[in-house]
There are 2 protein chains.
Amino acid sequence: MSIRYALLGIISKKPVTGYDVVTIFKQTMIYFWSSTHSQIYKELHKMEEEELITHQLVIQGTSPNKKVYSLTDKGKKDLIRWAIEEPLKPAKIKDEFLIKTTIFPILSAEEINQLLDEVIEREQSILAKTKEWKEHFNSQGDSDIGTILTVEYGIRYSEMYLEWCKWAKQMIQDKA
Amino acid sequence: MSIRYALLGIISKKPVTGYDVVTIFKQTMIYFWSSTHSQIYKELHKMEEEELITHQLVIQGTSPNKKVYSLTDKGKKDLIRWAIEEPLKPAKIKDEFLIKTTIFPILSAEEINQLLDEVIEREQSILAKTKEWKEHFNSQGDSDIGTILTVEYGIRYSEMYLEWCKWAKQMIQDKA
DNA sequence: CGCGCCATGTAAGCAGTTACATGATTCC
DNA sequence: GGAATCATGTAACTGCTTACATGGCGCG
């Protein structure tokens with residue numbers, strides 16, 4: 001159900017198409033939520049049925065037509081109500097690599113090292129992209145406090161992860 | 001599908017009941033995965049059908065009978081195959097609080113502060129429990145490297161989160 | 001006598017993923 | 001000519017959550 005409020009949050013900043021919602025979602029929210037265009041389009045339809053958003057059809061001569069969504073009053077009220085009244089659900093992480101970590105005792109040193117290197121590479125690449133996005137966002141002169149805070153979260157998360165990997169490597173070497 | 005390997009990992013350490021699997025899962029894996037007894041019992045049944053695990057029924061005179069599960073050879077092979085061959089899927093986080101963060105611009109200073117305090121309290125309580133579990137685990141003389149690494153991950157994650165919250169509070173004050 | 005722990009399961013429903021499906025434009 | 005981007009959707013399936021359901025034991 002929270003995906004709904006993530007999308008309402010995006011639309012609350014400015015009117016956007018479904019396609020834009022997907023793009024913005026992936027740019028600004030992958031650090032703490034995940035979804036696909038498939039789920040997002042469905043949720044937009046549901047929210048429109050419930051009158052939380054409306055759309056205006058924009059006929060574009062040549063390129064495909066598009067629906068530009070904006071919040072209704074009801075939508076804005078519901079978004080704020082959710083933010084301040086709805087009790088916080090605990091955060092959920094699903095990280096396969098950490099499952100693999102639990103069975104390190106039955107893997108060989110090489111296998112463990114390969115896995116760790118793989119995950120370090122993955123995380124470094126994510127961190128680089130996040131920093132790039134932060135630079136891009138800063139250079140736009142945009143100062144949306146929400147975006148500033150969540151991008152920083154993304155960076156800190158990746159940095160913590162990489163530190164932990166480095167520590168884990170050391171730990172394993174010491175134990176061997 | 002990964003939940004399966006989390007459970008196989010638990011059972012690989014020593015034969016356990018479904019109830020034990022649930023308990024151990026919640027003690028050692030909540031930092032990076034989430035599930036419920038409902039899903040776990042179902043998955044155990046499926047895995048037994050596929051001959052990755054077997055059980056022995058233990059009749060307990062007075063208390064309810066229990067099924068003690070252990071890995072089959074097939075199960076152990078599949079677990080290791082998964083760990084070293086299956087490509088890593090990216091980690092997924094679902095954190096409602098960070099969705100709320102994105103709409104800070106439409107909330108009042110008090111509302112934001114209340115939300116932040118709430119989340120700080122939540123995270124402090126999680127961190128305290130994790131540290132407690134680490135102490136308990138250390139005092140057992142157990143030195144399972146998987147557990148050492150993942151508990152440390154849990155602690156570092158919570159510490160990062162709290163640091164970020166503190167930073168966010170400062171940031172919001174500076175902007176005001 | 002009630003609460004928490006041990007112990008196991010099922011059913012209904014919602015959330016989320018993957019694959020299928022289409023098509024124009026722009027840039028190289 | 002082909003790839004990337006803009007643009008929108010549906011179908012089938014799997015995963016996950018919430019609620020329902022039961023019951024004995026040990027402790028205070």
Side-chain angles (χ1 to χ4, degrees), chain A residues 1-7 10-11 15-27 29-30 32-50 53 55-69 86-87 89-96 99, chain B residues 1-7 10-11 15-27 29-30 32-50 53 55-69 86-87 89-96 99:
Chain A
M1 210 51 181
S2 311
I3 184 66
R4 146 165 315 193
Y5 297 102
L7 306 184
I10 291 170
I11 300 168
V16 280
T17 65
Y19 187 85
D20 293 333
V21 172
V22 173
T23 308
I24 296 170
F25 179 87
K26 292 196 173 169
Q27 232 162 21
M29 295 187 171
I30 15 151
F32 56 86
W33 209 269
S34 68
S35 194
T36 56
H37 84 276
S38 180
Q39 193 191 11
I40 290 171
Y41 279 110
K42 254 195 281 175
E43 192 63 36
L44 289 172
H45 295 319
K46 268 197 266 174
M47 289 195 289
E48 190 160 35
E49 248 178 71
E50 296 176 37
I53 55 176
H55 79 262
Q56 254 194 299
L57 195 66
V58 176
I59 313 280
Q60 303 184 111
T62 51
S63 21
N65 298 337
K66 56 186 184 181
K67 295 179 177 178
V68 178
Y69 290 99
E86 208 69 46
K89 284 188 209 131
K92 280 179 192 171
I93 303 179
K94 301 232 159 169
D95 190 331
E96 271 201 351
I99 297 181
Chain B
M1 210 49 181
S2 312
I3 184 67
R4 145 164 318 194
Y5 297 102
L7 307 184
I10 291 171
I11 300 169
V16 281
T17 66
Y19 186 86
D20 293 333
V21 172
V22 173
T23 308
I24 296 170
F25 179 88
K26 292 196 173 170
Q27 230 162 22
M29 296 187 169
I30 15 150
F32 55 87
W33 208 270
S34 66
S35 194
T36 55
H37 85 275
S38 179
Q39 193 191 10
I40 290 171
Y41 279 111
K42 254 196 279 174
E43 192 63 36
L44 290 172
H45 295 319
K46 269 198 264 172
M47 290 195 287
E48 189 160 36
E49 248 178 69
E50 295 177 38
I53 55 176
H55 79 264
Q56 255 193 298
L57 194 66
V58 176
I59 313 281
Q60 305 185 111
T62 51
S63 19
N65 298 338
K66 57 186 182 181
K67 295 180 177 177
V68 177
Y69 289 100
E86 209 68 47
K89 282 187 209 130
K92 279 180 190 169
I93 303 179
K94 301 234 159 168
D95 190 331
E96 270 200 352
I99 297 181

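Naming: A, B, ... by sequence-line order, numbering from 1 per chain.
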Tell me yes or no: between the side chains of B:T17 and B:D20, is some donor less than 3.5 Å from an acceptor?
yes
In whole Å, what is the span from the NZ atom of A:K66 to the P atom of C:dT22?
24 Å
Could you check whether A:E48 pairs with A:K67 (Lys NZ or Arg NE/NH1/NH2 to Asp/Glu carboxylate O, under 4.0 Å)?
no
Indicate yes or no: at least one non-hydrogen side-chain atom of A:M29 is less than 4.5 angstrom from one of A:I10.
yes
Using atom CD of B:Q56 as one end and atom P of C:dT8 as the other, report the distance to the nearest whole Å.
14 Å
Over how many whole Å does the gap from A:I40 atom CD1 to C:dG16 atom C1' extend?
11 Å
To the nearest Å, how far apart are A:N65 CG and C:dA24 C1'?
11 Å
Nearest heavy-atom approach of B:S2 to A:E96 is OG-OE2, 2.7 Å
Measure NZ/A:K26 against C1'/D:dA4 and give the value in whole Å, please.
14 Å
Protein proximity profile, nucleotides 10-20 of chain D - base contact B, sugar-phosphate-only contact S, no contact -, cut-off 4.0 Å on heavy atoms:
BB---SBBBB-
Using a 4.5 Å cut-off on heavy atoms from C-beta on, say whether the side chain of B:V21 contacts that of B:Y69.
no
B:Y69 has a side chain; which of D:dT8, C:dC6, C:dG9 sits nearest to it?
C:dG9
Do NZ/NE/NH1/NH2 and the carboxylate oxygens of A:K46 and A:E43 come within less than 4.0 Å?
yes
Phosphate-side-chain proximity, A:Y19 and D:dT8, N/O vs OP1/OP2 below 4.0 Å
no
Between D:dG9 (C1') and A:K67 (NZ): distance, integer Å:
9 Å
